[in-house]
Amino acid sequence: MDSTVKKSQLFTPEVLKKIDLFLESIYPESEKTGLLMAKKELKNTQVRKLEKIITSASRFSEIINFIKNQVGKDNEHKWLPISEIMLEQLKGIENKAIELGCDDDLLIMEMKLKITRGWARQVACHYFYSNKSENGHKP
Amino acid sequence: MTIENYLRTKGYLRFQDEKIRENAFTAVETFLKNYAPEKKNQLRAIPPVINVSGLAGLKKLIINQMNKNTNKDAEQNINAFWNFLNTNILVEPAPDNSLRQTVINELKTHNLFIESPLSQDKVEQRKIRKTNNHILETALERTLLVYFEHFISHYFYLVKQGAAS
């Protein structure tokens with residue numbers, strides 16, 4: 001595919017549907033990740049920073065490397081168990097993007113990021129919900 | 001296709017994202033299997049050098065570090081790390097799983113090297129070798145920062161895992 005193709009043209013309705021179905025399928029795992037992040041008492045700012053990195057990344061591996069760097073810097077050992085399940089989920093996302101991308105490098109690169117952003121929204125949402133519930137602010 | 005055009009393609013970005021990442025992770029795992037972890041500041045020194053002076057700067061850093069360490073107790077491990085990087089990035093002929101060979105293989109896949117027919121005279125052959133070397137070094141230089149981004153993050157991740165277990 002021509003690399004000058006706009007991103008809006010990359011994802012056909014059919015591809016978008018497949019992405020949505022995949023995101024639905026990984027939703028339970030995303031819930032668990034968000035819950036674990038709340039249990040480990042990650043700060044809101046840390047989760048927002050993760051979201052920001054994922055939103056602004058231009059390469060999928062930037063996200064993996066960010067998570068690993070967080071583990072490297074973390075003296076309280078909160079990130080290590082979280083990173084293990086996150087990296088496993090990201091591996092699944094990458095494999096799915098490669099499967100759906102059909103050897104099209106541009107599509108694969110963009111799909112990895114798109115799916116990861118969907119995943120991040122799920123995880124962050126459950127983190128903030130679990131955090132509120134833990135603090136007794138149930139809706 | 002020229003090397004400059006290739007380095008602008010999504011194919012190259014994907015190569016950095018996937019194959020270079022895999023190569024860096026394997027390199028870290030191989031090193032840590034055989035040697036004790038290196039000091040953090042040794043690794044952190046690498047990206048700024050590449051940012052400022054590229055491949056030439058990294059070559060100088062590696063060679064200086066290899067020749068430097070006089071403290072016999074620390075010498076073995078520090079030399080092991082810089083020797084490892086030297087083998088992985090600079091040494092020719094490049095070992096199979098080195099970064100250098102991974103880049104060479106990628107360039108060959110895309111027919112980016114100039115072929116040198118045996119019939120050509122030695123002057124021409126030398127010219128072609130020089131051009132191909134320039135192509136390789138251009139690609140290698142462009143790959144280094146991302147390679148070390150992968151390398152350093154995985155390195156600290158594994159060291160932390162080891163410390164926690």
Side-chain angles (χ1 to χ4, degrees), chain A residues 1-7 9-10 40 50 53 57-88 90-91 93-116, chain B residues 1-2 4-29 31-32 37-44 46-47 50 99 102 106 109-110 142-165:
Chain A
M1 193 181 286
D2 187 343
S3 61
T4 57
V5 167
K6 287 183 191 170
K7 286 179 190 177
Q9 294 174 302
L10 263 183
K40 287 289 174 185
L50 175 65
I53 296 289
S58 56
R59 196 180 4 97
F60 175 77
S61 49
E62 280 179 52
I63 299 161
I64 293 179
N65 294 338
F66 172 79
I67 292 168
K68 289 184 173 182
N69 279 329
Q70 291 302 110
V71 172
K73 289 190 295 191
D74 178 28
N75 293 325
E76 293 172 1
H77 302 289
K78 291 182 181 182
W79 273 95
L80 187 56
I82 295 167
S83 71
E84 284 166 357
I85 64 171
M86 277 190 171
L87 293 173
E88 198 55 42
L90 287 170
K91 199 170 160 187
I93 287 171
E94 185 169 34
N95 289 342
K96 193 66 183 177
I98 290 170
E99 178 197 313
L100 294 177
C102 303
D103 273 339
D104 182 324
D105 293 322
L106 174 61
L107 183 56
I108 288 169
M109 294 290 282
E110 291 301 327
M111 202 174 301
K112 283 197 262 192
L113 289 172
K114 188 170 182 65
I115 300 175
T116 304
Chain B
M1 186 176 6
T2 64
E4 288 79 13
N5 285 344
Y6 166 69
L7 293 174
R8 282 193 277 267
T9 62
K10 289 297 179 187
Y12 171 69
L13 283 184
R14 192 178 162 199
F15 169 67
Q16 284 188 318
D17 201 42
E18 295 175 15
K19 285 187 187 160
I20 293 298
R21 181 190 358 144
E22 193 185 317
N23 186 271
F25 288 1
T26 304
V28 169
E29 285 154 20
F31 180 78
L32 290 176
E38 191 45 67
K39 284 184 191 169
K40 284 185 180 182
N41 58 2
Q42 294 277 317
L43 277 95
R44 293 210 206 280
I46 298 170
I50 297 169
L99 169 65
T102 302
E106 182 70 8
T109 302
H110 294 280
R142 198 71 68 84
T143 306
L144 284 177
L145 267 180
V146 174
Y147 176 80
F148 278 103
E149 177 196 310
H150 297 317
F151 188 101
I152 292 170
S153 66
H154 195 56
Y155 193 100
F156 290 144
Y157 179 69
L158 290 187
V159 167
K160 203 67 168 199
Q161 276 190 324
S165 59

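Below, each value reflects all heavy atoms present in this structure, side chains not excepted, and no hydrogens, waters or symmetry copies. Chain letters run A, B, ... following the sequence lines, proteins first, then strands; residues in each count from 1. Remember, predicted model here, so these are calculated numbers, not experimental data.
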Just how far is it from atom [atom1] of [X] to atom [atom2] of [Y], taken to the nearest 0.5 Å?
{"X": "B/Ile152", "Y": "A/Lys68", "atom1": "CD1", "atom2": "NZ", "value": "13.5 Å"}
{"X": "B/Arg21", "Y": "A/Ile64", "atom1": "CZ", "atom2": "CD1", "value": "4.0 Å"}
{"X": "A/Asp105", "Y": "B/Lys10", "atom1": "CG", "atom2": "NZ", "value": "10.0 Å"}
{"X": "A/Asn65", "Y": "B/Phe25", "atom1": "CG", "atom2": "CZ", "value": "5.5 Å"}

> Who are the ring-ring contact (aromatic ring centres under 6.0 Å, His included) partners of B/His150, not counting sequence neighbours?
Replying inline: none
> Got a sec, which residues hit ring-ring contact (aromatic ring centres under 6.0 Å, His included) with A/Phe66, two or more places apart in sequence or on another chain?
Replying inline: none
> Are any of the side-chain heavy atoms of A/Ile98 and B/Arg14 separated by less than 4.5 Å?
Replying inline: yes
>> Other residues, nucleotides and ligands only: do more than 12 of their heavy atoms fall within 6.0 Å of CG on A/Asp103?
In response: no
> Is the number of heavy atoms from other residues, nucleotides or ligands under 6.0 Å of A/Lys114 NZ greater than 12?
Replying inline: no
> Hey, are B/Asp17 and A/Ser61 close enough side-chain-wise for a donor-acceptor pair under 3.5 Å?
Replying inline: yes
> Heavy-atom distance under 4.5 Å to chain B: side chain of A/Glu84, backbone, both or neither?
Replying inline: both
> Which answer fits A/Ile67, side chain, backbone, both or neither, if we ask what part of it has an atom under 4.5 Å from a heavy atom of chain B?
Replying inline: neither
> Are any side-chain N or O atoms of B/Lys160 and backbone N or O atoms of A/Asp74, one a donor and one an acceptor, separated by less than 3.5 Å?
Replying inline: yes
